Amino acid sequence: MAARVSLYLEILGVACLLATACAREVNQFPEGFLLGAATSSYQIEGAWNEDGKGESIWDHMLHEHPEYGNNGDNGDVACDSYHKYAEDVQALKELGAKVYRFSISWPRILPNGDLDVINQAGIDYYNNLINLLLENDIQPVVTMYHWDLPQALQYIGGWPNPILADYFLEYARVLFDNFGDRVKWWTTFNEPITFVRGYSTSGGQAPSQKARGIGNYLATHTVIRAHAKVYRLYDEQYRSTQNGRIGITVGTNWYEPYNDEEENLAAQERILQFELGLFANPIFVDGDYPAVVRERVDNNSRAEGRPRSRLPSFTDEEKRMINGSADFLAFNSYTTMVVRSAEFGFSPSWGRDTGTYRWYNLSWPASGATWLRVVPWGFRKVINWVSTRYPNYPIFITENGYIDSGELDDQGRISYYGQYMAEMLKAINEDGANVIGYTAWSLLDNLEWNSGYEVKFGIYHVDFNSTERTRTPKASASFLAGIYRNMSVPEEYFT
Ligand code: GBE
């Protein structure tokens, strides 16, 4: 370790004359780095119909179709954070978190999705949470949309309907008006690539609409326009007085090419452009979809005999609005897959459009879910890919974490965080990636969407058998508290 650190200092010797920051050892976080934890409204709040809250598409789907959940699990009560948010803040305090990433439930603020009813009780709830965080020196990092669309807006088609961009704009205005004096970190959407799937297949993501390869792209198009409109609104009407920052949370796995054959390297590039670039390229590069995405969806649509592409096009004016519409890039990533070139999957579908086949290397360590293999070096690679492709934007890692079955002595989670944070620090300190924050997923065991309460992501255990929903720190909570206090990851994770 000592040798490695001094080598690193030597390599950066010249730069050190210019920047004092490089006196840092590889296992240390830069000064001011924002460490914390993350949650989302539907996964923790409960109180699904209390105090004037409207129904969301997740309430609706898991009530109508309990079989889409695990053992009928839904978010009706969840961690009961609507009533127990003070315990959440206490946990964050114990953790030594500098930031808390949570989301605001749109239907708790606007039960019908529109301005006809503004639910003061919902506004009070988030005011109380934000104020308590600030009293404890914890900065709120607020997601405006973590998948719980008001069901009222699904009745008019949801995200494939372009008018949703205007509804989202009005909702955002309410958030800036009520919380923007204290919230300085905003993200518009959480992982749109995941939630637009709710318009492509049934049984998983809400609202479970089967329009594969069509609805998901229409939703994508609205979401990008909605994001940009909100960014421009903030610029024009709020930034000068509120001085906050706005980004969007995008996410992707890392994809390792099956081998070095040209076609598989091209497949690696394609899958990253379809999963991440679909949203990131318009916002962070040039106002438009990646060329390879445009070309493949257009060609497939034509071959299917359609008179138009399944992926809509932006007008020039929209491109100008979208291009550069973010102050930072928020990023979620958990795992790595292998990819090779293939025409694979249903026609039409996003998967087929990507021209790839993807799988898990079963020699990589497993977790409590088949979709999450522990591949720390993939985290460094994906951070570097993001930092190279979107070089002008600071990166905030808004989600990363490990799934198990809930043990308090969660050594698997400790090992995951130790290794993944070490790889992130290599990306920052050795590769020069501009990462400014990291919020672990998740503060609490919570409703893991369709997988219910059986599998766990929390660094705090939540007792779902007790009406108290008692929070208990796991071993990983004190492990992370040590890292957050020292602003460094133990050296053993670097060997
Ligand atoms: C994020 O999504 C979400 O933002 C967060 O809310 C969630 O709790 C967290 O990750 C953990 O999942 O049976 O293989 O088809 C695959 C991350 C489900 C992306 C899990 C959906 C990863 C996309 C289930 N994946 N998720 S299966």
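Each ligand, and each atom within it, is numbered from 1 in the order the structure gives. The shown structure was predicted, so the numbers you read here are calculated from the model rather than taken from an experiment.
- Below 3.5 Å of separation, one finds an N or O of Asn190 facing an N or O of ligand 1.
- Contacts with ligand 1 closer than 4.0 Å are made by no heavy atom of Ile403, backbone or side chain.
- When only interatomic distances are considered, the shortest N/O to N/O separation between His146 and ligand 1 falls below 3.5 Å.
- Under a 4.0 Å criterion applied to the non-hydrogen atoms of Phe457, ligand 1 contributes the atoms 11 (C), 12 (O).
- Protein heavy atom at the shortest distance from atom 8 (O) of ligand 1 is Glu448 OE1, 2.7 Å.
- Cation-pi geometry between Arg212 and Phe346 is satisfied (NZ or CZ under 6.0 Å from the ring centre, within 45° of the ring normal).
- Within a 6.0 Å radius of CZ in Arg245, no more than 12 heavy atoms belonging to other residues, nucleotides or ligands are found.
- For the residue pair Gln419/Glu423, the side-chain donor-acceptor check at 3.5 Å is not satisfied.
- The shortest N or O to N or O distance between Thr194 and ligand 1 is not under 3.5 Å.
- A donor atom on one side chain and an acceptor atom on the other are found under 3.5 Å apart for Tyr145 and Trp159.
- Here the protein heavy atom with the shortest distance to atom 26 (N) of ligand 1 is Glu191 OE1, 4.3 Å.
- There is a side-chain donor-acceptor pair under 3.5 Å between Asn400 and Tyr438.
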I'd like to know whether Lys456 forms a side-chain contact (heavy atoms from CB on, under 4.5 Å) with Ile403, so could you lay out the CA-CA distance, the side-chain angles of the two residues, the decisive distance to 0.1 Å, and finally the verdict. CA-CA 5 Å; Lys456 320 278 187 177; Ile403 198 159; 5.9 Å; no
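- Using cut-offs of 30° and 60° on the angle between ring planes, the pair Trp371 and Phe457 is tilted.
- Classified by interplanar angle (parallel below 30°, tilted 30° to 60°, perpendicular above 60°), the ring pair Tyr493/Phe479 is perpendicular.
- Counting protein heavy atoms only, atom 9 (C) of ligand 1 is closest to Tyr334 OH, 3.3 Å.
- Under the 4.0 Å distance rule, the nearest protein heavy atom to atom 12 (O) of ligand 1 falls inside the cut-off.
- Checking atom 15 (O) of ligand 1 against the protein gives no heavy-atom contact under 4.0 Å.
- In the candidate list Trp147, Tyr360, Trp371, Phe195, Trp371 is nearest to atom 25 (N) of ligand 1, counting heavy atoms.
- Nearest to atom 21 (C) of ligand 1 by heavy-atom distance, out of Glu399, Arg197, Gln205, is Arg197.
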